[in-house]
Amino acid sequence: MREEKRKRLEAKGWRVGSAREFLGLTPEEEAYIEIRLRLSDEIRRQRARRRVTQVALAKKVRSSQSRIAKMEAGDGSISLDLLLRTLLELGVSRRELGRVIAGAAKAA
């Protein structure tokens, strides 16, 4: 958040903080959520890059289109296993997966 906006909100009595503070997350919980969100974002990015529809991807991973949509939306009901298998099915290498998990810059 921009400093100007933060100051404006605080001046009006709002308390500004992180999701970690608001939800009372441990550093481990925060890291877990960040990893899940990075994997979800990467699925959406890779699917679009490869011009694969959600329906076609669902067939490849033996799932449903609605499950692919949930994956891309970061739905917590999707297992890490399915997120990882989907990325591998999209052709993402183990090295690229490591970069995604670590939060490194996206590989082209």
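What's counted below: heavy atoms across the whole structure, side chains too, no hydrogens, waters or symmetry copies. None of these values were measured; they are calculated from a predicted model.
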S.K.: Between OG of Ser64 and CD of Gln54, what distance do you get to the nearest 0.5 Å?
M.R.: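 Spacing of OG (Ser64) from CD (Gln54) equals 9.5 Å.
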S.K.: Are the charged groups of Arg38 and Glu42 less than 4.0 angstrom apart, N to O?
M.R.: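 Looking at Arg38 and Glu42, the cut-off is not met.
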S.K.: Do the non-hydrogen side-chain atoms of Leu97 and Leu88 ever get within less than 4.5 Å of each other?
M.R.: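 The answer is yes; the side chains approach within 4.5 Å.
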S.K.: Taking all heavy atoms of Gly74 and all of Ser40, pick out the closest pair and write down the distance.
M.R.: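 The answer is CA-OG, 3.4 Å.
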S.K.: Check Ser77 against Arg67 and note the closest heavy-atom contact, atom names and distance.
M.R.: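 Ser77 and Arg67 have their closest heavy atoms at O-NH2, 3.8 Å.
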S.K.: Applying side-chain contact (heavy atoms from CB on, under 4.5 Å), run through Tyr32 and Leu80 and close with a yes or a no.
M.R.: CA-CA 10 Å; Tyr32 178 76; Leu80 280 176; 3.6 Å; yes
S.K.: Please determine whether a side-chain nitrogen of the Lys or Arg among Arg99 and Glu96 lies less than 4.0 Å from a carboxylate oxygen of the Asp or Glu.
M.R.: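 Looking at Arg99 and Glu96, the cut-off is not met.
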S.K.: Quick one: which of Thr86, Ile78, Leu82, Leu84 gives a side-chain contact (heavy atoms from CB on, under 4.5 Å) with Leu39?
M.R.: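 Only one of Thr86, Ile78, Leu82, Leu84 forms a side-chain contact (heavy atoms from CB on, under 4.5 Å) with Leu39, namely Leu84.
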S.K.: Using 4.0 Å as the upper bound for N to carboxylate O, is an ion pair formed by Asp81 and Arg85?
M.R.: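 Yes, charged N to carboxylate O under 4.0 Å.
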S.K.: Look at the side-chain heavy atoms of Ile, Leu, Val, Met, Phe, Trp and Tyr, link any pair under 4.5 Å apart, and say whether Leu37 and Ile68 land in one connected group.
M.R.: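 Each belongs to a different hydrophobic cluster.
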S.K.: According to a hydrophobic-cluster definition based on side-chain heavy atoms being under 4.5 Å apart (Ile, Leu, Val, Met, Phe, Trp, Tyr only), do Ile33 and Ile101 belong together?
M.R.: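 In one cluster: no.
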S.K.: Rounded to the nearest 0.5 Å, what separates atom CZ in Arg15 from atom CZ in Phe22?
M.R.: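 Result: 9.5 Å between the selected atoms.
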S.K.: Would you say that more than 12 heavy atoms from the other residues, nucleotides or ligands in this model lie under 6.0 Å from the CD of Glu4, or not?
M.R.: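 Atom CD in Glu4 is not packed in, count stays at 12 or less.
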S.K.: Closer than 4.0 angstrom, basic N to acidic O: yes or no for Glu72 and Arg47?
M.R.: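 Counted as a salt bridge, because a side-chain N and a carboxylate O are separated by less than 4.0 Å.
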S.K.: Roughly how far, to the nearest 0.5 Å, is the CD atom of Glu30 from the CZ atom of Arg20?
M.R.: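 Atom-to-atom, Arg20:CZ and Glu30:CD are 5.5 Å apart.
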S.K.: Rounded at 0.5 Å granularity, tell me how far CG in Asp75 sits from CZ in Arg36.
M.R.: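 Here the interatomic distance stands at 8.0 Å.
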